[in-house]
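This report concerns only the one structure given below.
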Amino acid sequence: MLEINFIEANQEHVINLLTSRQLKNAAELVAHAITINKERKITQQAYDLVASKAKEVSKEIEQLLKTGQKDAAEARKADSMQFKDALKKLDTGLKQHQKDLQETLYNIPNLPHAGTPIGKDEQDNKIISEVKPLPTAAANTLPHWELIEKYDLIDFKLGNQLAGAGFPVYKGKGARLQRALINFFLDEARAAGFEEIQPPILTNATSAYATGQLPDKEGQMYQLAGEDLYLIPTAETPITNLYRGKILPKQTIPIQHVAYTPCFRREAGSWGKDVRGLNRLHQFDKVELVVITLPSLSYPTLETMRQYVEGLVTKLALPYRVLSLCTGDLGFTSAATYDIEVFSIGQDRWLEVSSISNFETYQTHRMQTRYKEADGTTHLLHSLNGSALALPRIMAALLELNYDGDKITMPKILTKYLDFECIR
RNA sequence: GGAGUGGUGGCCGAGUGGUCGAAGGCGCUCGCCUGGAAAGCGGGUGUACCAGUCAAAUGGUACCGAGGGUUCGAAUCCCUCCUACUCCGCCA
């Protein structure tokens, strides 16, 4: 979340940037946060003063008791009781202010980076690059859901039987292809210097707040009945939270992790052709990159991550384009985001397979993830993450593009991961 | 799941009601010593908030797993929760 001192010192700037991302009540939220913070400071000062006096009295009582002045000590106790009552009220007020401030800040999204295109919604996202010319559909081109059925790669009906819509069952070569892709992505990331992690796929509310899934995505996560646990919507949540509350030595930075996990999303409100086949699922696999680095390095890192992900889709020989998300389409916690979309020839549309974001200090402030300078001062780090990649849509684009009416030919790069060259 | 014992600073570890943000050691760091190093000697070494300042120095408050409670006063006593270890049970 944003730092209150920064908001206070840059009110106009903050309001303008928040407004640019279509936040309606930016001025109101900012004013509210500043007011609460002022009250908080006043209360804190009062509390500290009274607490200090109460301590003094306690020490006096101690001395009186030691020197045998029992009556005098008893008299001082009465004074101390008064301080105690006052402190209790002040403490309640202070906690309330702190809570109010935190809740207000929780509901203020990140500020867009200067390079982020200004825009209202996804229509205004800027196309950075696009592979041309796009492959053209042949007479025998099919959408992936038909190929999946034709070759018995994935069974949605069985998924319905086991869990419900959006929980596909991968079978035979379908399952093996998916596993091959996961291994390919993990190996590539490792070669690029990312350390592999296998995290829990359940997360507690504290972690979900720290990375910003809560309160923003409340209702999009599956929650376990009677438990303070959620199924992770992305590996970003557990991996980034590895560093919650840590002050890292400078030489360990940057932190670079890769993790393969299933991801779970309720996708409430989604419908229509968007959810056909593999386009949108409640459970899907994803390989995710997380980087925690110095503020001065985070934007170069964002570019490096983008190039890395472009390299993956290139190796899979999939036509793709890169979008820079506009202010109106930016995720709640992000300052700058690139989306990588692959072309689905069977659907004649683009499918988002990666989202690469720089959160600057938004997450690290909530997490209190810092580093120590040589002069002993501590500073917040920057966090980034990016999908590399989301499996189902890659699978969809891959099957459609490589189908020639007779068979589906596997990409060359997967040779060492598969013991079959094509699906017939 | 049952029974028991614990959770203290970067790490180890003392501390069972006051002078304890916390002994001691290790680590790290600065200085001395040395041709250089080791050893030795001396100093420093948590975080947050508030006040203060150009910045600092400095002062105040809070924090000994988390949250409540008792008390003039809590790392220390009580309650709840989390968690680790040992034994038993169960088990991939």
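Here the structure is a predicted model, which means the values were calculated and not measured. Chain naming here is simple, since letters A, B, ... match the order of the sequence lines and numbering starts at 1 in each.
- Residues A/A78 and A/E62 each lie close to RNA chain B; by heavy-atom proximity, the contact nearer the 5' end of the strand is made by A/E62.
- Atom-to-atom, CD1 of A/I61 to P of B/U19 comes out at 14 Å; the value is rounded to the nearest Å.
- When the P atom is used for both B/C12 and B/G18, the distance is 26 Å, rounded to whole Å.
- Taking atom P in both B/A48 and B/A57, one finds a spacing of 14 Å when rounded to whole Å.
- A sub-4.0 Å separation between OP1 or OP2 of B/G68 and a side-chain N or O of A/K95 is present.
- No hydrogens or angles were tested; on distance alone, nothing pairs the side chain of A/K53 with the base of B/U61 as donor and acceptor under 3.5 Å.
- Taking atom NE2 of A/H365 as the reference point, atom P of B/A48 lies 11 Å away to the nearest angstrom.
- Contact annotation: A/K372 side-chain N/O to B/U47 OP1/OP2 distance is under 4.0 Å.
- Remark: A/R40 is in phosphate contact with B/C50, judged by side-chain N or O atoms under 4.0 Å from OP1 or OP2.
- Taking 4.0 angstrom as the limit, A/Q45 places a side-chain polar atom (N or O) nearer than this to OP1 or OP2 of B/A51.
- For A/R370, no side-chain nitrogen or oxygen approaches OP1 or OP2 of B/U47 to under 4.0 Å.
- Using a 4.0 Å heavy-atom cutoff across all strands shown, A/Y47 reaches sugar-phosphate atoms only and no base atom.
- Taking atom P in both B/G13 and B/A3, the straight-line distance is 28 Å, to the nearest Å.
- Separating the P atom of B/A23 from that of B/A14 is a span of 14 Å, rounded to the nearest Å.
- Distances were taken from every side-chain heavy atom of A/K41 (C-beta onward) to each of B/C72, B/A51, B/U19; the shortest belongs to B/A51.
- Using a 4.0 Å cut-off between charged side-chain N and carboxylate O, A/D79 and A/R76 make a salt bridge.
- A donor-acceptor contact shorter than 3.5 Å links the side chain of A/Q256 to the backbone of A/G193.
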Intra- and inter-strand pairing of RNA chain B, written as dot-bracket with Watson-Crick and G-U pairs under 3.5 Å and | for the latter, reads ((((((((.[[[..)..(.....]]]((((((.......))))))((((((......)))))).[[[[[..)....]]]]])))))))....

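- When the C1' atom of B/G18 is taken as reference, atom NZ of A/K77 falls 12 Å away, rounded to whole Å.
- At a threshold of 4.0 Å, the pair A/K95-A/D91 counts as salt-bridged, since one of the basic side-chain nitrogens sits closer than that to a carboxylate oxygen.
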Q: Before giving the answer on side chain to side chain donor-acceptor pair (under 3.5 Å), spell out for A/T369 and A/T364 the whole-Å C-alpha distance, their side-chain angles and the decisive distance to 0.1 Å.
A: CA-CA 5 Å; A/T369 301; A/T364 54; over 6 Å; no

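- Annotation: salt bridge (charged side-chain N to carboxylate O under 4.0 Å, His left out) contacts of A/E373 (sequence neighbours excluded): A/K250.
- Comparing the same atom, P, in B/U8 and in B/C85 gives a spacing of 14 Å after rounding to whole Å.
- Look at A/S52 and you'll find a side-chain N or O under 4.0 angstrom from OP1 or OP2 of B/U61.
- When each of B/G69, B/U19, B/C72 is scored by its nearest atom to the side-chain atoms of A/K66, the top-ranked nucleotide is B/U19.
- The separation between A/Q63 atom CD and B/G73 atom C1' is 13 Å, rounded to whole Å.
- Of the candidate nucleotides B/G68, B/U61, B/C72, B/C72 has the atom nearest to the side chain of A/K84.
- Ranking B/C72, B/U61, B/G69 by closeness to the A/A51 side chain, first place goes to B/U61.
- Note on A/T378: a side-chain N or O is less than 4.0 Å away from OP1 or OP2 of B/A48.
- Computed from coordinates, the A/D228 CG to B/A66 P distance equals 17 Å when rounded to whole Å.
- Atoms CG (A/L49) and P (B/A62) sit 12 Å apart, rounded to a whole Å.
- In this structure, A/M81 places its CE atom 10 Å from P of B/U70, rounding to the nearest Å.
- Using a 4.0 Å cut-off between a side-chain N of Lys or Arg and a carboxylate O of Asp or Glu, A/K59 and A/E56 do not qualify as a salt bridge.
- If you take atom C1' in B/G44 and the same atom in B/G9, they sit 15 Å apart, rounded to whole Å.
- A straight line from CD1 of A/I247 to P of B/U45 spans 16 Å, rounded to a whole angstrom.
- A/K150 and A/E146 are not joined by a salt bridge, as no carboxylate oxygen comes within less than 4.0 angstrom of a charged side-chain nitrogen.
- A/F420 carries A/K173 over the face of its six-membered ring, with the cationic atom under 6.0 Å from the centre and within 45° of the normal.
- Ion pairing of A/R176 with A/D419 is present here, as a side-chain N (NZ or NE/NH1/NH2) and a carboxylate O approach within less than 4.0 Å.
- A gap of 12 Å separates the P atoms of B/G73 and B/A62, to the nearest Å.
- Taking atom P in both B/A74 and B/G89, one finds a spacing of 45 Å when rounded to whole Å.
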